[in-house]
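Keep in mind the model is a prediction, meaning the values are calculated, not measured. By convention in this document, chain letters (A, B, ...) are assigned in the order of the sequence lines, proteins followed by strands, and residues within each chain are numbered from 1. The figures that follow rest on heavy atoms only: side chains count, while hydrogens, waters and symmetry mates do not.
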Amino acid sequence: MTTPAGRRPEGAPVGRRVFLGLLGLGAAGIVGGAALQERLTPLVAELQIRDPTGLIATLPVGQGFRFYSVTGAVPEATAAGYRLAVSGLVERPAEHTLTDLQAMPQTELVRDFQCVTGWRVPDVPWAGVPLSHLLDLAGPVDGATAVRLTSFDGEYTESLTLEQARRPDVLVALQMLGAPVTHDHGGPVRLYAAPMYGYKSIKWLNRIELTADVQPGYWEERGYDLDGWVGSTNGRDDDPTA
Amino acid sequence: MTRPPEAGLLRFSRAVRWVHGVAGVLVLVLIVSAAVLYNSELQVLVGHRPVVEAVHVWSGVALPVPVLLGLASRSVRADAAELDRFTARDWQWLRSRTRRDGAIAVGKFNAGQKLNGSLSAGGGAVLLMTGAVMWLPDLTPLSWRTGATLVHDWTALAFGLLVLGHLSHALRDPVAMLGIRTGRVPVSWARSEHAAWAEELAGPAPDRRD
């Protein structure tokens with residue numbers, strides 16, 4: 001017994017009003033929040049650039065990369081130890097070092113990076129070897145219709161049709177944001193598939209395998225669309241990035 | 001005095017303590033997993049995003065369970081009703097600069113505790129609602145998901161601050177902690193922190209001769 005039987009607390013039910021008021025605000029935010037965010041994001045991005053403490057970058061708005069990994073600590077690859085294997089249905093399987101890749105023709109792109117979970121980073125500079133160049137070097141044999149890409153995190157995989165892989169805006173990226181791709185961004189070598197959602201741009205790339213058909217990658221086995229075109233897949237309507 | 005002083009007053013029933021304890025542990029798990037999902041530096045350290053996400057989502061789904069089960073208990077309902085009601089004295093207490101000196105006789109809960117209770121409950125409900133929208137993307141249009149993400153992020157920030165405040169008040173008062181752990185508090189503590197409640201349970205304070 002904490003209160004004498006039958007006694008009711010006096011006063012106005014303010015707690016209930018606060019509770020219901022917050023629920024109402026939350027519901028209004030769900031319906032109208034997207035429009036609010038559209039106005040808020042450029043303002044906050046502007047402030048982030050001018051904020052020397054970096055505190056504003058920790059607020060839940062703005063335009064920055066978020067780090068995603070599906071495994072625990074990913075082993076760091078040194079520039080000297082790194083190898084990119086090209087294998088499967090090809091005439092000339094190969095293993096490229098980072099120096100090999102750096103000596104190949106490079107393409108530079110400035111494109112937005114759009115994540116399927118909603119965040120977008122505008123105007124990211126990318127540079128690297130077109131994936132089509134590596135495919136030409138290897139020479140796909142008849143019957144090869146797709147590429148399977150593997151990450152040295154030991155878990156992540158991705159796939160593209162051969163036609164998608166040959167697009168000029170699909171890069172084996174060596175540079176990002178004007179510097180070599182850092183480990184956290186998937187370095188030393190990652191994919192950048194410009195017209196597609198971020199999950200297609202596999203990080204820590206170490207194997208390109210030509211296959212007879214498209215093999216669903218890590219997220220595609222978990223429900224994401226095989227073709228990750230920005231704006232027309234995964235139930236989203238973002239502005240295209242290419 | 002109706003009770004020997006060492007027994008103290010019953011502040012929280014067993015049911016109230018269980019609801020508070022289970023919900024509290026779930027909230028801590030939610031906060032830690034949220035920090036990993038949200039903060040890039042922590043995510044770099046921990047990785048395993050699908051696992052952390054599952055822990056976060058299922059702790060969230062579980063959070064209402066102890067609360068709803070608890071409402072079957074009369075003592076939980078009585079404490080919830082007590083937190084709900086604001087009297088003129090509560091507003092006075094909130095406005096007062098010397099609210100801690102005991103001049104305003106506080107009931108079972110002071111106005112700050114009442115505010116924390118309703119804000120936490122409302123914030124928790126908003127987090128559940130927006131979390132459900134993000135978790136079940138097929139049920140709602142895309143713009144709702146964007147709105148739900150925005151609301152979830154900012155509400156989580158506010159909710160985290162509320163929990164920090166609650167913990168810091170609790171850690172500064174070992175007797176209050178004893179109360180939520182064992183259910184009982186000494187009458188002397190009750191008379192100084194919750195005078196009106198103490199008087200209701202233990203009768204008027206004996207005359208002080210000082």
Side-chain angles (χ1 to χ4, degrees), chain A residues 1-4 7-38 40-41 57-61 64-74 117-119 153 155 183-184 218-219 222-223 234-238, chain B residues 9-13 16 38-41 43-50 75 78-90 107-108 114-115 117-119 121-123 125-127 129-130 133 137-138 140 142-157 197 200-201:
Chain A
M1 285 278 293
T2 50
T3 41
R7 188 186 74 72
R8 291 190 168 239
E10 307 153 1
V14 171
R16 199 171 313 174
R17 290 175 200 157
V18 168
F19 180 86
L20 294 174
L22 285 177
L23 265 186
L25 278 178
I30 291 176
V31 176
L36 179 69
Q37 172 148 308
E38 229 160 85
L40 214 59
T41 301
T58 62
L59 286 181
V61 272
F65 278 95
R66 299 192 182 184
F67 174 90
Y68 290 165
S69 161
V70 298
T71 65
V74 177
T117 61
W119 53 271
D153 73 357
E155 199 66 44
H183 175 74
D184 290 349
Y218 182 89
W219 282 118
R222 290 160 178 79
N234 295 289
R236 297 188 60 87
D237 59 359
D238 309 283
Chain B
L9 300 177
L10 179 60
R11 181 150 176 81
F12 295 118
S13 73
V16 169
Y38 199 77
N39 182 290
S40 284
E41 274 95 59
Q43 177 64 207
V44 167
L45 280 179
V46 178
H48 294 288
R49 194 169 180 88
S75 58
D79 277 0
E82 198 72 47
L83 287 166
D84 177 30
R85 297 277 166 171
F86 273 60
T87 63
R89 261 192 320 198
D90 286 318
K108 181 159 187 181
K114 292 180 183 184
L115 264 186
S118 46
L119 287 173
V126 168
L127 289 169
M129 180 171 67
T130 50
V133 171
D138 297 337
T140 50
L142 174 68
S143 79
W144 285 28
R145 227 186 306 158
T146 308
T149 311
L150 181 80
V151 174
H152 197 86
D153 286 355
W154 284 96
T155 309
L157 203 65
W197 173 68
E200 199 177 285
L201 261 69

The criterion is salt bridge (charged side-chain N to carboxylate O under 4.0 Å, His left out); which residues satisfy it with A:D153, sequence neighbours excluded?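 Partners of A:D153 by the salt bridge (charged side-chain N to carboxylate O under 4.0 Å, His left out) criterion come out as none, since no residue qualifies.
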
Taking everything shown except B:W144 itself, do over 12 heavy atoms lie less than 6.0 Å from its CH2?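 Check fails, neighbour count at 12 or below.
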
Is chain A contacted by the side chain of [X], its backbone, both, or neither, given a heavy-atom distance below 4.5 Å?
X      : value
B:L142 : side chain
B:V151 : side chain
B:R89  : neither
B:T149 : neither
B:V44  : both

Interatomic distance, [X] atom [atom1] to [Y] atom [atom2] [nearest 0.5 angstrom]:
X      : Y      : atom1 : atom2 : result
A:E10  : B:E82  : CD    : CD    : 9.0 Å
A:F19  : B:D84  : CZ    : CG    : 11.0 Å
B:F86  : A:R16  : CZ    : CZ    : 12.5 Å
B:T146 : A:R236 : OG1   : CZ    : 5.5 Å

Chain B interface, residue from A:G235, A:G11, A:A28, A:G33 that has the most non-hydrogen pairs under 4.5 Å: A:G11

Give the minimum heavy-atom separation between [X] and [Y], together with the two atoms involved.
X      : Y      : value
B:R85  : A:P13  : NH1-CD, 3.7 Å
A:Y68  : B:R49  : CE2-CZ, 3.1 Å
B:M129 : A:I30  : CG-CD1, 4.0 Å
A:L22  : B:S118 : CD1-O, 4.4 Å

For chain A, the option from B:P50, B:A125, B:A148 that forms the most heavy-atom pairs under 4.5 Å: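 Result: the option with the highest number of such pairs is B:P50.
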
Counting only heavy atoms closer than 4.5 Å, note whether A:L20 contacts chain B via side chain, backbone, both or neither. neither

Select one option (side chain, backbone, both, neither) describing which atoms of A:A35 are under 4.5 Å from chain B's heavy atoms.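 Neither part.
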
A:V14 versus B:K114: any side-chain heavy-atom pair under 4.5 Å? no

Pair A:V18-B:L119, side-chain contact (heavy atoms from CB on, under 4.5 Å): steps then yes or no: CA-CA 7 Å; A:V18 168; B:L119 287 173; 3.8 Å; yes

